Number of protein chains: 2
Amino acid sequence: MPYTYEYARAALTVDCVVFGLDDTGLKLLLIKRAIEPFQGCWALPGGFVRIGESLVEAAKRELREETGLEGFFLEQLYTFGDLNRDPRERVVTVVYYALVNLRDHLPHGASDASGAAWFDVQDLPKLAFDHDKIIDTGLARLKGKVRYQPIGFELLPAKFTLSELQRLYETILERPLDKRNFRKKVVQLGVLDETDEVQEDVAHRAARLYRFNRKRYAQLVKRGFNFEI
Amino acid sequence: MPYTYEYARAALTVDCVVFGLDDTGLKLLLIKRAIEPFQGCWALPGGFVRIGESLVEAAKRELREETGLEGFFLEQLYTFGDLNRDPRERVVTVVYYALVNLRDHLPHGASDASGAAWFDVQDLPKLAFDHDKIIDTGLARLKGKVRYQPIGFELLPAKFTLSELQRLYETILERPLDKRNFRKKVVQLGVLDETDEVQEDVAHRAARLYRFNRKRYAQLVKRGFNFEI
DNA sequence: ACAAAAGTGTTGAACGTACACCCATGC
DNA sequence: GCATGGGTGTACGTTCAACACTTTTGT
């Protein structure tokens, strides 16, 4: 069932830069391409935008189909439209980035036999198309945004320790932070609720668990408050 | 000469949110639509992306064709792809925003008979499509970015007074700034060169003219410096 | 008892904020 | 000489950065 237009049209795709975090560092979800071009290469999950779905819907669908993920933070990153991105024809891709919490969603390592796998962002394989450039853009955005928007919490389980939160910032910002200053700062922001639970099964003193309070954050923002770490 | 594809394809356009600044406030460049849909409505300059041009090229071409502008700051803003943006068919638009210096480029008011005109952002007419939403996104970006990237200078002539710079920030951030503190701050940043010229034809003491030093800024950024106002 | 990480305060330096007057120029 | 905006410094409070030891728990 062919579709005909007066002028040539570019193909439109979505791709997703999916970040996760575990105790060995920041991770990125890639899938192994089953078909040409770049068959066998690792690539960002993504695919064609259908005529009846919006861009975010397309991104969510692709992630569900290719990786089984659902219910994650998803935000538009950038649109890449250079002429020779794809050797077959003109393809414009709208890229989203997602933040998922590896502890609750996927134990760790590869998800299943679907060809998806988590890679350390410091040690990525050769990638298809211009996906290396796209990932650089995603990393830059994450690094820039994490300091003034509370998106870091999306990479952690609902309840987390202050040390986990600190390691998150240290990993993303790629620099060490002072423990006492960090704790003072995040607690003073007033968007963390202290729970009455502590870690379990750790071979040392168990740390208190905290929770990010989204409602409180929204209230404070209305009053002109600025999140910043 | 028709083009045929196996699946339906969305049309791809670029639109431009063009900001300018004069002494009455922040301005936006709009064009009056000559054809349906929304004939006679004001709209953002823009049009279809050709198969042989990149997205930025398309944005630059549309601005040249529709408004005569050249040589301005241009950066991708966001891509809008909801299903019913355009009543005719599925249209995905990649939006860029531009910053132009009204004093050097266009005297003021409308540019020519092309149907383009400058509007105060506080007092915009009814707009075609979802262009009001796009403009809100552009304003939010400008407001957010002007504080930590030296993009404000793009709205001023090459040589400007500190008072002009202050008015720029006050206009965009929509709040008054303290004159002495502002001057201390921007001078300490070390990216302004004091020229040995002063204003001419003003009915009071002439202010010294300054210039933004792009090279110096790039050097400082390499050394880890953060622009912030 | 030892290993491992949790938790906790103080001080000095830098920075942000509030604030008012004299100066130079054109009319 | 007056109206208009240009240009300047200080004092106070807040925030940031550097820094080390005790506590808790499991093994």
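Per chain, numbering begins at 1; letters A, B, ... match sequence-line order. Keep in mind it's a predicted model, so treat the numbers as computed, not measured.
Protein atom CG of A:Asn226 is 16 Å distant from nucleotide atom C1' of D:dT14, rounded to whole Å. With rounding to whole Å, A:Glu164 atom CD is found 19 Å from C:dA4 atom P. In this structure, the CZ atom of A:Arg180 is 17 Å from the C1' atom of D:dT15, given to the nearest Å. Note: CG (B:Leu165) to C1' (D:dG5) measures 16 Å, nearest angstrom. Rounded to an integer number of Å, the gap from NE2 of B:His204 to P of D:dG7 is 10 Å. A:Asp201 places its CG atom 14 Å from the C1' atom of D:dT27, with the value rounded to the nearest Å. Here C:dA5 presents its C1' atom at 14 Å from CD of A:Glu170, a figure rounded to the nearest Å. When rounded to the nearest whole Å, the span between CD of B:Gln188 and P of C:dG16 equals 8 Å.
The side chain of B:Arg205 has D:dG7 as its nearest neighbour among D:dC19, C:dA6, D:dG7. Picking from D:dG6, C:dG9, C:dG7 the nucleotide with the shortest atom distance to the side chain of A:Asn181 gives C:dG9. Here the nucleotide nearest the side chain of B:Arg183, chosen from C:dA6, D:dG9, D:dG7, is D:dG7.
If you check every strand for non-hydrogen atoms under 4.0 Å, A:Ser163 touches sugar and phosphate atoms only.
Using a cutoff of 4.0 Å between basic side-chain nitrogens and carboxylate oxygens, B:Arg61 and B:Glu57 are not scored as salt-bridged. Comment: B:Asp22 engages B:Lys27 in a salt bridge, judged by a side-chain N to carboxylate O separation of less than 4.0 angstrom.
Between the side chain of B:Glu164 and the backbone N or O of B:Thr161, at least one donor-acceptor pair lies under 3.5 Å.
For D:dG7, neither phosphate oxygen OP1 nor OP2 lies less than 4.0 angstrom from any side-chain nitrogen or oxygen of B:Arg208. In this model, the phosphate group of D:dG9 is not approached by any side-chain N or O of B:Lys184 to a distance below 4.0 Å at OP1 or OP2.
Two residues, B:Lys179 and B:Val202, neighbour DNA chain C, and the one matched to the more 5' nucleotide by heavy-atom proximity is B:Lys179.
A centroid separation of 6.0 Å or more is found between the aromatic rings of A:Phe153 and A:Phe73.
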